[in-house]
Novice: 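This is the structure I have questions about; it appears just below.
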Amino acid sequence: MANIASTGSNLPNINQTSVLDATTLSALKEGLDKLSGGIRVRLAKDGTTQDRGGASLLALGDRMSANLQTLNQATLNANDGIAITQVASAGLDDIHTDLQQLQKLVVASRSGTLSDTDRAALQEQAKQILQAIDQKVHSTRYNHIPLLASTKAILLQTGIDTNTQTTISLKDYSDAFTPVDLTSGSGVEAATASLKKEQEMVENAQALLAAKRSELVGSLNALSGWSPSLTAANGRIDSGSAAQTATDGIAALIRNNAALAFQVQANQSATRVQHLL
């Protein structure tokens, strides 16, 4: 295109010519065929053709509409993934709080002044807390999907490309929390060790969920960047006037290149130039 622009000042004289010899006409026809073929090749590389005017642009519009629908669905998927991590994290937060309550009971049970009745009362409280933890493990769900009582891997498409996916791996905590025995010294020591490990397990799980949530937020931000450009492009292509404008632009390109081809042919022969002038 830079070469076309640079020879623009010579085009008026060329366009005034009314007679072309057979050789020049043949050369121009061959050049135009190559030029238009090249345009079709370039468009084909972009997934489009121009065999029927604006029909290809409409087809492109259909594809961009499909991309826009995919974008919207991917956005919904990313939001679902964020919600899943939030719900699972909230369930783990509650469980972590229960584990801290258990730890307080364990510390209280170390007192040498407790009677057997006192220890039995502490044991009953510990049992109730463990039952509450089990209930939270099985009731923490998103759209009927258990989030803390399943090893399911939730696969979400979070991009326009079908290969752009995010996986949320779930863990089953149904048997992850050990019953405690606060009625004996050995039981208290065992409970102290198990509670420490279980609290660390929950904290690690919360950290993984936070990282996954950050990943999904990043995907959502990337998708939000695509949305305006796709919407705007789709709107332009859906416009009949835009389709005609594009078609006219291609025609103008061919005409300009034809004029340039004519100039090149004329400049190749001094005799031909004199005849044309």
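Values below: all heavy atoms of this structure, side chains included; hydrogens, waters and symmetry mates excluded.
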Novice: Who are the salt bridge (charged side-chain N to carboxylate O under 4.0 Å, His left out) partners of Glu189, not counting sequence neighbours?
Specialist: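 Partners of Glu189 under the salt bridge (charged side-chain N to carboxylate O under 4.0 Å, His left out) test: Arg110.
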
Novice: Is there a path of hydrophobic side-chain contacts, each under 4.5 Å between heavy atoms, that joins Leu216 and Ile145?
Specialist: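 In one cluster: yes.
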
Novice: Is there a donor-acceptor pair closer than 3.5 Å between any side-chain N or O of Asn221 and the backbone N or O of Gly218?
Specialist: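 No: the side chain of Asn221 does not pair with the backbone of Gly218.
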
Novice: State, to 0.1 Å, how close Ala191 and Val106 come at their nearest heavy-atom pair, and which atoms those are.
Specialist: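 Taking Ala191 first and Val106 second, the nearest heavy atoms are CB-CG2, 3.9 Å.
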
Novice: Taking all non-hydrogen atoms of both residues into account, name the closest pair between Gly159 and Ala74 and its distance.
Specialist: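 That closest heavy-atom pairing would be N-CB, 3.7 Å.
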
Novice: Hey, any chance Tyr173 and Leu208 share a hydrophobic cluster, counting ILVMFWY side chains that come within less than 4.5 Å of each other, even indirectly?
Specialist: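 No; Leu208 is not reachable from Tyr173 via cluster members.
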
Novice: I need the Gln100 CD to Gln199 CD distance, nearest 0.5 Å.
Specialist: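 Gln100 CD to Gln199 CD: 6.0 Å, rounded to 0.5 Å.
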
Novice: Identify each donor-acceptor pair in which a side-chain atom of residues 75-84 lies under 3.5 Å from a protein atom, sequence neighbours left out, and give them as a table.
Specialist:
| from | atom 1 | to | atom 2 | distance (Å) |
| --- | --- | --- | --- | --- |
| Thr75 | OG1 | Leu71 | O | 2.9 |
| Asn77 | OD1 | Gln73 | NE2 | 3.0 |
| Asn77 | ND2 | Gln73 | O | 3.4 |
| Asn77 | ND2 | Gln157 | O | 2.9 |
| Asn79 | ND2 | Thr75 | O | 3.2 |
| Asp80 | OD1 | Tyr142 | OH | 2.8 |

Novice: Within the 4.5 Å heavy-atom criterion, are Gln123 and Leu182 side-chain neighbours or not?
Specialist: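 In short, these two side chains touch, coming nearer than 4.5 Å.
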
Novice: Would you say the side chain of Leu114 lies within less than 4.5 Å of the side chain of Leu122, judging by non-hydrogen atoms?
Specialist: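 A side-chain contact exists here, since the closest heavy-atom pair is under 4.5 Å.
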
Novice: Tell me if a side-chain donor or acceptor on Glu198 pairs with a main-chain N or O of Thr178 at a distance below 3.5 Å.
Specialist: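 Answer holds: yes.
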
Novice: Scan the side chains in residues 87-95 for donor-acceptor partners under 3.5 Å anywhere in the protein, sequence neighbours excluded, and list what turns up.
Specialist:
| from | atom 1 | to | atom 2 | distance (Å) |
| --- | --- | --- | --- | --- |
| Asp93 | OD1 | Gln206 | NE2 | 2.2 |

Novice: Where the side chain of Arg119 meets the backbone of Ser184, is there a donor-acceptor pair that is under 3.5 Å apart?
Specialist: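 Pair absent, no side-chain N/O of Arg119 close to backbone of Ser184.
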
Novice: Quick check for you: to the nearest 0.5 Å, what is the distance between Leu170 atom CG and Ile154 atom CD1?
Specialist: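 So the CG of Leu170 and the CD1 of Ile154 are separated by 4.5 Å.
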
Novice: Search all heavy atoms of Pro179 against all heavy atoms of Leu130 and return the closest pair with its distance.
Specialist: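 Taking every non-hydrogen atom into account, CA-CD1, 3.6 Å.
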
Novice: What pair of heavy atoms forms the shortest contact from Thr151 to Asp172, and how long is it?
Specialist: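 Result for this residue pair: CG2-CB, 3.9 Å.
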
Novice: Output the distance between atom CG (Leu148) and atom NZ (Lys171), rounded to the nearest 0.5 Å.
Specialist: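 It comes to 11.0 Å.
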
Novice: Do Leu223 and Ile168 belong to the same hydrophobic cluster, where Ile, Leu, Val, Met, Phe, Trp and Tyr are linked whenever their side-chain heavy atoms lie under 4.5 Å apart, directly or via other members?
Specialist: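 Leu223 and Ile168: separate clusters.
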
Novice: Output the distance between atom OG1 (Thr97) and atom CG (Leu102), rounded to the nearest 0.5 Å.
Specialist: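 Nearest 0.5 Å value for the OG1-CG distance: 11.5 Å.
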
Novice: Do Val137 and Phe177 have side-chain heavy atoms sitting under 4.5 Å apart?
Specialist: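 Side chain of Val137 against side chain of Phe177, heavy atoms only: contact under 4.5 Å found.
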
Novice: Are Lys212 and Glu215 close enough for a salt bridge, meaning some N to O gap below 4.0 Å?
Specialist: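 Result for this pair is yes, salt bridge flagged.
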
Novice: Atom CG of Leu147 and atom NZ of Lys152: how far apart are they, to the nearest 0.5 Å?
Specialist: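 The NZ atom of Lys152 is 10.0 Å from CG of Leu147, to the nearest 0.5 Å.
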
Novice: Between Leu99 and Ile133, is the side-chain contact (heavy atoms from CB on, under 4.5 Å) condition met? List the steps.
Specialist: CA-CA 8 Å; Leu99 292 175; Ile133 289 176; 3.8 Å; yes

Novice: What's the spacing between Leu156 CG and Thr167 OG1 if we round to 0.5 Å?
Specialist: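 Separation between the atoms: 8.0 Å.
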
Novice: Quick check: do Asp134 and His138 have side-chain heavy atoms less than 4.5 Å from each other?
Specialist: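 Yes. Closest side-chain heavy atoms under 4.5 Å.
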
